[in-house]
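Ligands are counted one by one from 1 in listed order, and the atoms in each one are counted from 1 as well.
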Amino acid sequence: MTTIYQAKAYSAASKTSPLVSASIPRRDTTARDVQIEILFCGICHSDLHQARDEWNSVMPTVYPCVPGHEIVGRVTKVGPEVTKFKAGDLVGVGCLVDSDHTCPACKAGVEVFCANVTLTYNSPDRHQTAPVTYGGYSESVVVDQDFVLRIPANLDLAGAAPLLCAGITTYSPLRRAKAGPGKKVGIVGLGGLGHMGVKLAKAMGAHVVVFTTSENKRQDALRLGADEVVFSRNKEEMEKCAGSFEFILDCVAADHDVDAYLNLLTLNGNLTLVGAPEKPLSVGAFALIFGNKTLSGSAIGGIAETQEMLDFCGKHNITSDVEVIPIQQINEAYERILKSDVKYRFSIDMASLKD
Ligand code: NAP
Ligand code: ZN
């Protein structure tokens, strides 16, 4: 029988409740488990969407909800069958903590599409420690070894945490689009995902153009590696880009005009959505028809690809630009995310849970 222990965490009791200090059950390590002391956890806009049940139509939130899927920590204990990790290793956990390991999606390395995938939080808990899994706003987590990643030793840990979601979610579609020398890539929305998209696309060798609604982010976008910056509320600036992009990655968390970006694509160009706004987006059929354009989506990335991304970041010394906060500031941080008032990701110093 699986035994449990109690861990400190922050959780939301309902979609209108603030996150507050709580105690949650975690399972003791079973044979293939790795127990991790969480050092930093990034705050993804998905945490906010789910804490507030904004994705109710697709994945209703079960309360209490403990968000957090950008986890970096140190291994404290491993189960007897664990071969990949040992106590003391620096590791990461992203959006997934388990799957059935056997289905075609798992075999193809896209575990996120496994019918039996276990997401890091708000997902049925196959160990039945609790009704659903609890995420990284906590002092520890216990994860199957196949879903634990290695963090390159040269990376700053607070800045590495956001790689586990914002990093892989932008890396995967950029690789698929073959971002590299001679390719022009558009990144829409300079937030947590967007700023990682800029850094990664630049390191891949692409020509990077940022589209932002925040005039005051222009200098930052250039500093982060953009070759050009377009203020998307300016019609003239947008019009100058018409028909010139093979690939645009849309990282916007709220409702916005998708047709305006389809208009910027070349013949056969592609606009990929990673942003997941609460309400459906509207798309004009002719915005796609004229030019044989495609609109597609992309979900995080596989586990092997996540390790590839981390190693790529290690090689190029890429981390997220973070503002480190104590967990006690979590509710204020959520409000600031909604105002695009963070450069460019909050990373929670989990040592603050001890205060
Ligand atoms: P974020 O840090 O809040 O960034 C979102 C950016 O969108 C903002 O910085 C802002 O950029 C832009 N924006 C916000 N409101 C806007 C509006 N009304 N109109 C136009 N632009 C607006 O969020 P994030 O953590 O990067 O996440 C972005 C989205 O991706 C969220 O919906 C999240 O749930 C989703 N997501 C998806 C996946 C996946 O697997 N597909 C994974 C992780 C996250 P500017 O100020 O530059 O305009
Ligand atoms: Zn995320």
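Checked against the 6.0 Å centroid criterion, the rings of His101 and Phe147 qualify as a close aromatic pair.
Nearest approach of Ser296 to Asn270, heavy atoms of both residues: OG-ND2, 2.8 Å. Of all heavy-atom pairs spanning Val258 and Ser282, the tightest one is CB-O, 4.2 Å.
Atom CD of Glu236 has 12 or fewer neighbouring heavy atoms from other residues, nucleotides or ligands inside a 6.0 Å radius.
Residues Lys339 and Glu332 are not paired through a salt bridge, judged by the lack of any N-O separation under 4.0 Å between the basic side chain and the carboxylate. Checked for salt-bridge contact, Arg218 and Glu237 meet the test: a charged N lies under 4.0 Å from a carboxylate O.
To the nearest 0.5 Å, atom CD of residue Glu139 and atom SG of residue Cys41 are 13.5 Å apart.
Within 4.0 Å of ligand 1, contacts by protein heavy atoms are made from Cys44, His45, Ser46, His49, Trp55, Cys165, Thr169, Gly189, Leu190, Gly191, Gly192, Leu193, Thr212, Thr213, Ser214, Lys217, Cys251, Val252, Ala253, Ala254, Asp255, Val274, Gly275, Ala276, Ser298, Ala299, Ile300, Ile337, Ser340, Arg345.
The list of salt bridge (Lys or Arg N to Asp or Glu O under 4.0 Å) pairs with a residue in residues 171-200, not counting sequence neighbours, reads Arg175-Glu308, Lys183-Glu246, Lys199-Asp321. A salt bridge (Lys or Arg N to Asp or Glu O under 4.0 Å) check over residues 72-87, counting only residues at least two apart or in different chains, returns the pairs Lys84-Asp146, Lys86-Asp89.
Ordered by chain and number, Cys44 SG, His69 NE2, Cys165 SG make up the set of protein N, O or S atoms under 2.8 Å of the Zn ion (ligand 2).
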